Amino acid sequence: MGGDLIGVSMLWAMLIPAGGALVISQLGRWPNLRETVTLVTAGALFVDVMWIADLFSRNGGGGLTLWEIFPGLGLTFTVEPLGLIFALIASGLWIVTSIYAIGYMRAHREVNQTRFYVCFAIALSSAMGVAFAGNMLTLFIFYEVLTLSTYPLVTHAGDDKAKAGGRTYLGILLFTSIVFLLTAVVWTWAVAGTLDFTAGGVLDGKASPGVAAALLVLYVFGVGKAAVMPFHRWLPAAMVAPAPVSALLHAVAVVKAGVFTVLKVAVYIFGIDFLAGVASGRWLMYIAAATVLIASLVAMRQDNLKRRLAYSTISQLSYIVLAAMLATPLAVVGGAMHIAMHAFGKITLFFCAGAIDVALHKKNISDMGGIGRAMPFTMGAFLIASLSIIGLPPLGGLWSKWYIALGALQADEVAMVAVLMISSLLNVAYLLPIPVRAFFGKPANGEAITGLKEAPLPSVLAICFSALGCAFLFFFPEPLYRLAQAILAN
Amino acid sequence: MRHHLVVRVIAKMLIPFIMLFALYVQFHGDFGPGGGFQAGVIFASAFILYALVFGVDTAREVAPDWVVRTGIALGGLIFGGTGVVSLLKGANYLDYSALKPDPVAGQHIGILVIELGVGITVASVMTAIFFAFAGRGRKGPG
Amino acid sequence: MMEAFGLYNYWIVIFLMMSGFYVVIARGNLVKKLVGLNIFQASVFVLYISMGKVAGGTAPIIAEGIETYSNPLPHVLILTAIVVGVATTALGLSLVVRINEEYGTVEEEELADKDPAE
Amino acid sequence: MIASVHFPVLQIVLPLLLAPVCVLLRGARLAWFTALTASWAAFGIAVALLLDVLAGGPISYAVGGWNAPWGIELRVDAANAFVLTIVAGIGAVVMIFARESVEHEIGNARAYLFYATYLLCLAGLLGVTITGDAFNLFVFLEISSLSSYVLISLGKDRRALYAAYQYLILGTIGATFYLIGVGLLYQVTGTLNMLDLAQRLEGQEGLRGVRVAFAFLTVGISLKLALFPLHFWLPNAYAYAPSAVTGFMAATATKVSIYVLLRVFFTIFGVEFSFGQMPLGEILMFLAVAAMFAASTVAIFQNNIKRMLAYSSVAQIGYIVLGIGMASVTGVQAGVLHLFNHALIKGGLFLAMGCIVYRIGSTHIDDLAGLGKRMPWTAAAFVAGGLGLIGIPLTAGFISKWYLVLAALEKGWWWIAVLILLSSLLAVVYVWKVVEQMYLKPAGEGAGRTEAPLGLLVPTWILIIASIWFGIDTRLSAGAALEAAKTLLGAG
């Protein structure tokens, strides 16, 4: 009985935002009502996902097949811990982002706000689809829908810059997913005869070593959303989008959908035991490590705050890819936890970037001297989130890095531990100067900063909330850890 | 050419015979060489001769557009309709044997009617083609 | 060698076919193209008709004392094909007339110049 | 009452006989109504036939009571029942679209001729599909071709005339090639019935005549189906024909020719000869891949969107032929499936273009600026169709791509799979060029919201929704395509 109930609730997780989108699209003339509906939808979604989590913890997994698209291969949804983590993070942070967006979008006087909220809801709906996908085909379908539904958000401004950004965004994401990922999916289907996510993987004993190696490469590069170099360019390009989009989608939903897919493939398609023996895994791990370092280095040279954060995201995402390629239990736990930890940290940072833009119209770091006095809450939150990303206590980021490092030791990859450490140092180098400059630096061009000049109240509230989340996760990582461990216990 | 007396008289004399010959070819088609295609063309040629000698405008008065168009459509309908009749009689499409109790008589009737349809269509189409080309040039710039 | 000449009808067919085809391809005048097309089609008609001929056979009308008949089927087929050919020619010519009315020329190269490129 | 055993012949006769009725009626509305009745009745018959065939196997009908192989046989099996349904279905939907579109683009005075010709064309296409006689096929092919030349020449732009002329020349050459091929086969076997031909050709593969016939048939039909590089007639014909005609032709004419190709390769000559003794697989594969890339690339540089879509058709024909060229059950299934899916997608797209022509009066890309605001439904239809063309999941295009890739991988040709997917990215480029124009470029001054009338929108969306529907529920389409492939390959 639990299975059925859980199946229906999963369906609701997709239907609620989709229905919300439908309602929102009709409310363009009443902004207040529209935003209320958005919030209610977000809240309802979160409650639904919590409900699923509760059912899952009591009754175990469940599944639902809507219908078969190909004989024996349907649109299937199942609950498992990894997807649950992703769904909880995305739906929970949607509420925060919606609050933030209300302040931001109005203060910024954005056009086409209705379209914005509609696409946002659709994107969330497809993110839920990715989270609960029961087989690779379902995941692929929602992965693509997610790409397309975020395109209007990226090109929201409608100017040439947005158009160019949108092209890069769509070009890279569609290129990788269609050419690599789809090939991999069909190939897996041809080889294994199933695409269901199965504990222990489906390829073991069916794919020859060469095929498995090729498949792994196709999967890792095919998931362009994981932004493994050299397919990372879309992420900085997507920064032309409004801040809420960058915050929720390009720090949480979209990119996490990418690394989530990589983890999912590693655990449920290959199975980590089989994956450990795949020849190309090691090389991909090196590429991920290189991405971690190179992206950090590039981030240091960015003056535009959002771009710097984008490169930071690229670097952090590759932590998770690296964890997946390590193919040890602890690394997988660390990778799964990092999805959550990084989400809270990075969304805060993007919120702050947006808030600075709205309040002070500053986009470049070099102009941000002394702004801490005008925006103490924002910059305080920025500091907290930075520390979390770096991985310092007492903030959540510590745990995930800790487990990934342990996983690396488990796999006897000492070099990877070194990579993690160097990367943390680089994080310090590119993140901390910003709050330092804000609090202690001199204002640029001699302009005087007097008095408090924060972003609108809803935005500040959201910022504070997500920053506190980072701290909260340090003290109470237990539920998250248990979910992450359950991934392999399946 | 209407000013050439000889041509006019000869044409007037010839046209009925051409038409008669067309009818012969038409209806003799199931005994010997002949049939609707040939008959239709011969019939149309009589008409075209008329138009050549007495002018396209006069010819159009004899056979206005609507007559030609109806002819084209009607011929096709006669042909297809025969098939439908055999369908209605419970046999396969165009199975003339069903048209009469005696299959041979049925075949006979069938082929005659069908060829009549063909003849009408071909004659009309040929006339229409002739009109389409002959009527040009004088109207608009060439 | 003699065998090759014995099949002279095919040589004629091939000759007609190639000349027609060549005219269609090589000529820029729309009317000449249609003429070529007609020659090309006619060659196929000849191919069919000559294939229906049975050595020593007569017209396929049942009569006393005649045993061998030519095969009438190809003729029937070609009758249909001729009708199709007539229709094609008529349609092609009427298109040419219309083109001439619109453009004032029936030469391919001149047509291309008269419309602005897209 | 006329029993359902006569459905095969009624399938053709109904539109064929109602065409002259249209001429007699003359009135634009009456003629439209007649044509509408005819095309929907034909669609109903086609569906009934499809269901019959899927349930009970092939149906044979002897015209005039003369049994095969002497008389003309109409033969419906899984392969052509499926194609019949597509052709009749598209014909019926486009007919709804035609009323206002034709009134606008051709005028009511000549509308009745349009409907009559349209019905003839439909009858011809259905005839080509249903007949079991190789020569009869030629006759129907010419009926449909001649009427389509006329239909194309009705376009408003004077270039339509020359496009029709070009198509006439190349189409006639193609048909004549086919005729030569059939003649040679008749010479070898003395029969014209396809099944009979197949039987009598067994063991005759070595004969030079058979091989020459095979070559003539292949080239002739390839011209008709616009297989790259024999596609030169297609872009202009599609670009300048009236909207309803383009929508109809793009979705049916080339598809029927592809069906003929299938018949010739698989039924008449058999897989063994076509792909075993003749290097057909390699040739088709090469041409198909070339079409996919070359035509898509050319499409990117087109400013006339109808032309762009026309080039895209050439590319998509490449996909279909690629599937056929694999000569495996999955490959042929993918080809037939894409034939179906692409008919829906491209039909929908061209009808959307028809809506745009109706309101904007142009298909030039610069005139589409801000269309997302001016004609939101039409623009949305175009986007949905475009996504199908790219092959985004949840559209029909994805399903065909899936099967194509699967077929390639089954054969172990992973590089073909990659090429298929790579080329579909080219579609992203040309579709997105339009999308950006419609949504990210503000409309010119004074451009209000001018959505197309419902009479145009509804049929457009019927096709678009169908293309999405068959991307989600593939039981009917993929199932019928599988049956068709099995029938053609004789694998049960």
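Hydrogens, waters and symmetry mates play no part in the numbers below; they use all other heavy atoms, side chains included. Just so it is clear: chains get the letters A, B, ... in the order the sequence lines come, proteins before strands, and each one is counted from 1. All of these numbers come straight from a predicted model, not from anything done at the bench.
Of all the listed residues (D:Val63, D:Val23, D:Val13), the one sharing the greatest number of non-hydrogen pairs under 4.5 Å with chain B is D:Val13.
Applying the 6.0 Å contact sphere to CZ of D:Phe33 captures no more than 12 heavy atoms from other residues, nucleotides or ligands. Residue B:Phe43 qualifies as open at atom CZ: its count of foreign heavy atoms under 6.0 Å is 12 or below.
Proximity to chain D (any heavy atom under 4.5 Å) is shown, for B:Ser86, by neither the backbone nor the side chain. With a threshold of 4.5 angstrom between heavy atoms, D:Val9 approaches chain B through side-chain atoms but not through N, CA, C or O. For chain B, the nearby parts of D:Leu17 are the backbone and the side chain; heavy atoms of each come within less than 4.5 Å.
In terms of heavy atoms, B:Tyr93 sits closest to D:Tyr61 at N-OH, 2.6 Å.
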